[in-house]
2 protein chains.
Amino acid sequence: MGMSDTEIFKALADPTRRAILERLAGHEMTATDLREGFAITQPAMSQHLAVLRGAGLVSERREGRYAHYRVEPDGFAPLHDWLARYRQFWPSRIDNLKTLLKEMDQ
Amino acid sequence: MGMSDTEIFKALADPTRRAILERLAGHEMTATDLREGFAITQPAMSQHLAVLRGAGLVSERREGRYAHYRVEPDGFAPLHDWLARYRQFWPSRIDNLKTLLKEMDQ
DNA sequence: TCGACTCATAAGTGTGTGCTTATGTGATGG
DNA sequence: CCATCACATAAGCACACACTTATGAGTCGA
């Protein structure tokens, strides 16, 4: 578990890795299933998943020869906490309770 | 104004640039004032500021030979929006109104 | 047991990043 | 004016990153 801010931001700075997270949101998936839709080789996918796992954004569940990956929600907490320190500077966006409640509901 | 997700995450992936933002939070500062406390040359600072400005996280106000920099709050909105898509997966962290209200108050 | 499968790791390569020193562009002040 | 200041830009360098092909380590089905 790295979960340092730098590790997290670096992991998310790559568009492919963000797309992987997006595709992985909600349901578990194996590395090969994830690979469909990406113009990427198998080692590249494996390396991206290693980076995401190192940042604590994804976790792995081993089952036989398959590796099931899923989003690790707690991994996003450092990012949330970092961003929260800048919320106070947002002008008309966050001093609005309704906006926050709407975000929570979805 | 770049303000693409990739540009923002890349800008924030550097610890020095995050420290610059932290130091810049709240009050405007010139590039030289910012440089104090950092073991960094003047061109390095200028380049970091250019990256932050390119990502839309910081804006520049020119006054004579001085360049005053400040945090650009709206620049954080894409990051917030991106993160919001993963809020629903946070287990016991965000489905708590008190937490949100406390974050808003500070 | 053996060939096919899933996934990770090793090694090499091109490109990007962050830093440096050197220089350029204006603004300021004596 | 002209030296100095604040800042940006250019050019070069070491290193990190994302990708590739090749190979290794286990697991499964026939």
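Below, chain A is the first sequence line, B the second, and so on; all start at residue 1.
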**Message:** Over all strands shown, is B/Arg35 touching base, sugar-phosphate only, or nothing at heavy-atom distances under 4.0 angstrom?
**Reply:**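 Counting heavy atoms under 4.0 Å across all strands, no contact is made by B/Arg35.
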
**Sugar-phosphate, base or nothing in reach of A/Glu63, heavy atoms under 4.0 Å** =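 No contact.
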
**Asked** Taking atom types as modelled, is there a side-chain donor on B/Arg35 or B/Thr30 under 3.5 Å from an acceptor on the other?
**Response** no

**Prompt:** Side chains of A/Ser59 and A/Arg53: is there a donor and an acceptor less than 3.5 Å apart?
**Reply:**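 Their side chains do not contain a donor-acceptor pair, so the 3.5 Å distance test is not met.
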
In whole Å, what is the span from the [atom1] atom of [X] to the [atom2] atom of [N]?
| X | N | atom1 | atom2 | answer |
| --- | --- | --- | --- | --- |
| A/Met45 | C/dA8 | CE | P | 11 Å |
| A/His48 | C/dA8 | NE2 | P | 13 Å |
| A/Leu34 | C/dT6 | CG | P | 14 Å |
| B/Arg53 | D/dT9 | CZ | P | 7 Å |
| A/Leu49 | C/dT6 | CG | C1' | 13 Å |
| A/Gln42 | D/dA22 | CD | C1' | 12 Å |
| B/Arg62 | C/dA27 | CZ | C1' | 10 Å |
| A/Leu12 | D/dC17 | CG | C1' | 16 Å |

**Asked** Are B/Gln47 and B/Arg17 close enough that some pair of their side-chain heavy atoms sits under 4.5 Å apart?
**Response**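 Contact flag for B/Gln47/B/Arg17 side chains = no.
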
**Hydrophobic cluster membership, B/Phe38 vs B/Leu52, 4.5 Å side-chain cutoff** =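 Yes: a chain of side-chain contacts under 4.5 Å links B/Phe38 to B/Leu52.
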
**Fill in**
Ranking A/Thr41 and A/Lys10 by the position along DNA chain D of their nearest nucleotide, the one closer to 5' is A/Lys10

**Item:** Toward the 5' end of DNA chain D, by each residue's nearest nucleotide, A/Ile40 or B/Ala50
**Value:** B/Ala50

**Message:** Nearest heavy atom decides the nucleotide; on that basis, is A/Glu60 or B/Val51 closer to the 5' end of DNA chain C?
**Reply:** A/Glu60

Between [options], spot the one nearest the side chain of [X], thanks.
| X | options | value |
| --- | --- | --- |
| A/Arg65 | C/dG16, D/dC28, D/dA8 | D/dC28 |
| B/Pro43 | D/dA18, D/dT9, C/dT17 | D/dT9 |
| A/Ser46 | C/dG18, C/dT6, C/dA8 | C/dA8 |

**Prompt:** When you look at A/His68 and A/Glu60, which way does the side-chain hydrogen bond (donor to acceptor under 3.5 Å, both in side chains) test go after all the steps?
**Reply:** CA-CA 6 Å; A/His68 298 263; A/Glu60 183 201 45; over 6 Å; no

**Message:** Using only modelled atom types and a 3.5 angstrom limit, is any donor from either the side chain of A/Gln47 or the base of D/dT20 paired with an acceptor on the other?
**Reply:** yes

**Request:** Ignoring backbone atoms, test whether A/Tyr69 places a side-chain nitrogen or oxygen under 4.0 Å from the OP1 or OP2 oxygen of C/dT6.
**Result:**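 Looking at the OP1 and OP2 atoms of C/dT6, neither is under 4.0 Å from any side-chain N or O of A/Tyr69.
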
